[in-house]
Structures are given as structure tokens and as C-alpha cells.
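Everything below concerns the one structure shown next.
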Amino acid sequence: MASNGKPSGRRKFALALHGGAGMLRRGPNATGTELPYRVIMEQALDHGWILLEQGACACDCVAEVIKILEAAPLFNAGRGSVLTSDGRIEMDAAIMCGKTHRAGAVAAVEGVRHPIELAYRILLDDRFVLLSGNGARAFAEQVGIDFADPEWFITEHRIQELSAAQSAGEITLDHEKFGTVGAVALDCDGNLAAGTSTGGLTNKSFGRVGDSPLIGCGTYADNETCAVSCTGYGEHFIRHVVAHDLASRMRYGKASLHEAADAIIYQRLAPAKALGGLIAIDRKGNISMPFNTNALFRATRDTKGKTTVAIFDS
Ligand code: ASP
């Protein structure tokens with residue numbers, strides 16, 4: 001999407017992205033295995049940062065960052081998404097603008113190369129918030145969104161994961177990372193946006209919808225409080241309405257971003273054995289990224305331009 005063309009001047013902007021939370025084993029070759037993830041996260045961060053520097057709005061930035069992550073087969077979004085119990089890929093995505101509270105989302109959509117782009121087109125169209133399945137597909141055809149064949153999306157790794165999950169009789173595997181992707185941004189006009197894109201959980205039922213496309217659960221943005229993108233076992237994030245709960249703690253409870261984000265992840269979700277994490281940003285550009293798994297694939301660039309790229313908790 002095009003930037004608004006305004007120079008960024010001295011206004012502050014900031015960006016954070018994630019590539020999913022998870023419980024990962026750290027083998028002897030961990031550094032080598034982590035490298036490709038770090039490279040893609042940094043590429044996405046750099047691309048988003050250039051857009052913000054050029055004066056792009058937070059929504060454009062978030063959508064473009066997520067498109068890079070969706071195209072990389074390493075993450076559980078777009079290409080490389082996990083498989084349903086019947087061996088297909090059904091994807092969820094959402095994007096929300098913190099200034100206008102307009103939002104666009106897709107659920108259980110098949111064959112769309114960039115579900116976040118489709119979600120963004122729904123936001124811009126502004127008649128609906130969430131389209132699912134065949135309805136989402138029909139809308140995508142109308143607006144000329146790119147499709148790809150199943151072979152483009154399905155990787156060998158995901159086929160093996162599905163077969164392991166099915167042998168164990170599980171919806172997902174404990175040692176596996178969830179792998180959803182997301183981004184949150186503050187643009188030079190002081191506006192916030194959040195987006196999330198995912199293939200969901202390995203071996204999920206067809207038609208299952210997770211937290212990511214549900215506004216207030218896995219994705220939320222509000223200029224007065226924060227922008228949030230979640231990752232984890234979606235059913236818990238839906239039950240706890242996590243993203244909106246974070247914003248509400250700030251709005252009504254006057255909590256800081258860090259206090260609110262930590263309280264949800266460590267005091268609310270962890271005791272309920274609800275695994276996952278989130279990334280959140282407020283209008284001052286503070287960034288919070290708590291997680292109760294041992295890893296969260298994440299990258300940030302703060303208002304001073306300081307970059308961090310990390311996977312594990314320490
Ligand atoms: N939250 C996603 C879902 O349940 C999964 C993930 O975060 O990887 O669909």
C-alpha cells in the first residue's frame with residue numbers, strides 16, 4: 001500500500017513484530033537453526049521502518065511487515081501455515097487502525113497468498129469487519145487479491161507435524177512453536193495499528209477460528225491506549241479477551257502498558273495454563289512483549305531507533 005507521502009520530520013515512530021510464541025527445545029545447533037528466523041524478522045523490521053520514515057501510516061506499515069512474514073515458509077502464516085486435521089490450510093488474519101477503530105479480518109480462508117492483505121482490503125472497504133471461508137474468498141476475487149495453489153502453501157515440515165500430532169492425538173504439540181505472525185506500529189502522526197496472521201493450530205478441525213481474526217481477542221488497536229497482537233493457544237486468548245483486556249486495564253485501571261501486559265500474561269493466563277505471549281505498543285512508543293512460554297520470536301525498533309531481535313527468554 002502506498003505511504004501518505006508526508007516527511008516523518010522529528011515525530012517519533014516505533015515498530016514491533018513477532019513470529020509466534022512457543023515451547024522450544026534448544027539443541028546444540030540452536031544458533032544455526034535460529035539464524036533464518038532472525039534474518040527474516042530483521043528484513044521485515046527494516047522494511048517497516050523505511051515505510052514509517054517515509055511517513056507511511058501505521059496500518060500500511062503493519063500490513064507490509066506481515067506480508068513479508070507470510071511469504072516466508074518458516075512461520076505459521078500464509079506460506080508454511082500448519083495443516084488442519086484433514087490436511088488443508090485454513091488461515092485467519094486481522095488488522096485494526098487505532099485512530100478510526102476500523103478493522104478488517106478473515107477467518108478460515110483458503111488459497112489467498114496474503115491473508116493480511118485481504119483483511120486490510122476489508123478494513124478499507126469498511127462495510128464489514130470479518131469475512132469467513134467462501135465469503136472471504138469471493139470478496140478476494142472481487143477485489144483482485146492474489147491466490148496460490150496448495151503446493152505453494154504446504155511444506156514437508158507441516159505434513160510431518162500433522163502426522164506427529166495425529167499419532168499423539170493432539171491438536172498441537174507442546175514442544176512446537178505456535179508460529180503465528182504479527183506487528184504493531186506507532187506512526188509519525190501518533191497513530192497506532194495492529195495486525196496478526198496465522199494458520200492456526202496443527203490438526204485443528206476444519207472451520208475452527210482462533211483468536212487472531214477476532215477483534216479484541218488476538219488483535220486490537222486504540223490510539224488512546226495501545227495496539228496489540230497476540231500469539232498462543234487461541235481458545236484461551238478468546239476466553240480471556242486478551243487484547244481488549246490489556247487496553248481496558250490501561251483505559252479504566254490506569255495501568256501502564258508494561259503493567260497491563262505483564263498482568264495478563266503472568267497473572268491471568270499463566271495460572272490458567274494458557275500458553276502464549278503478545279506484543280504491544282502505546283502512543284508514546286513504549287513496547288511490551290511478555291510471554292509465558294520459553295520463546296517468543298520477536299523484533300523491535302524503538303523511538304530512538306534501537307533494534308532488538310530475540311527468540312528465547314534469556
Ligand atoms: N493464536 C493462534 C491460534 O490459536 C496460534 C498461534 O498463535 O500460533 O490460532
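Counting starts at 1 for both ligands and their atoms, in listed order. The structure presented is a predicted model; accordingly, all values stated were derived computationally and were not measured. For the numbers below, each heavy atom of this structure counts, side chains included, while hydrogens, waters and symmetry mates do not.
- The shortest heavy-atom distance from G232 to ligand 1 is under 4.0 Å.
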What do the steps show when you test E90 against T84 for side-chain hydrogen bond (donor to acceptor under 3.5 Å, both in side chains), and what is the final call?
CA-CA 7 Å; E90 291 185 353; T84 58; 5.7 Å; no
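- Considering only residues two or more places apart in sequence or on other chains, H244 meets the ring pair (Phe, Tyr, Trp, His ring centres under 6.0 Å) condition with Y220.
- Residues in residues 279-288 take part in these side-chain hydrogen bond (donor to acceptor under 3.5 Å, both in side chains) pairs, two or more places apart or across chains: H258-S288, D282-N286.
- Checking only distances, Y233 never comes within under 3.5 Å of ligand 1, N or O to N or O.
- When the options T231, T219, D92 are evaluated for a side-chain hydrogen bond (donor to acceptor under 3.5 Å, both in side chains) with T196, the one that passes is T219.
- Listed by atom number, the atoms of ligand 1 under 4.0 Å from G179 heavy atoms are 8 (O).
- A salt bridge between D46 and R301 is present, with a side-chain N of the basic residue lying under 4.0 Å from a carboxylate O of the acidic one.
- Heavy-atom proximity to atom 3 (C) of ligand 1, evaluated over I238, L214, D211, L278, is greatest for D211.
- Distances between N or O atoms of T231 and those of ligand 1 include at least one value under 3.5 Å.
- Using a cut-off of 4.0 Å between Lys/Arg side-chain N and Asp/Glu carboxylate O, K67 and E117 are scored as salt-bridged.
- For ligand 1, the polar-atom distance check finds an N/O of G234 within less than 3.5 Å of one of the ligand's N/O atoms.
- Close to ligand 1: R208, with a non-hydrogen atom less than 4.0 angstrom away.
- Taking any N or O of T180, backbone or side chain, at least one lies under 3.5 Å from an N or O belonging to ligand 1.
- Under a hydrophobic-cluster definition in which Ile, Leu, Val, Met, Phe, Trp and Tyr are linked whenever side-chain heavy atoms come within less than 4.5 Å, directly or via other members, I116 and L118 are assigned to different clusters.
- Under the 4.0 angstrom criterion for non-hydrogen atoms, G20 is not in contact with ligand 1.
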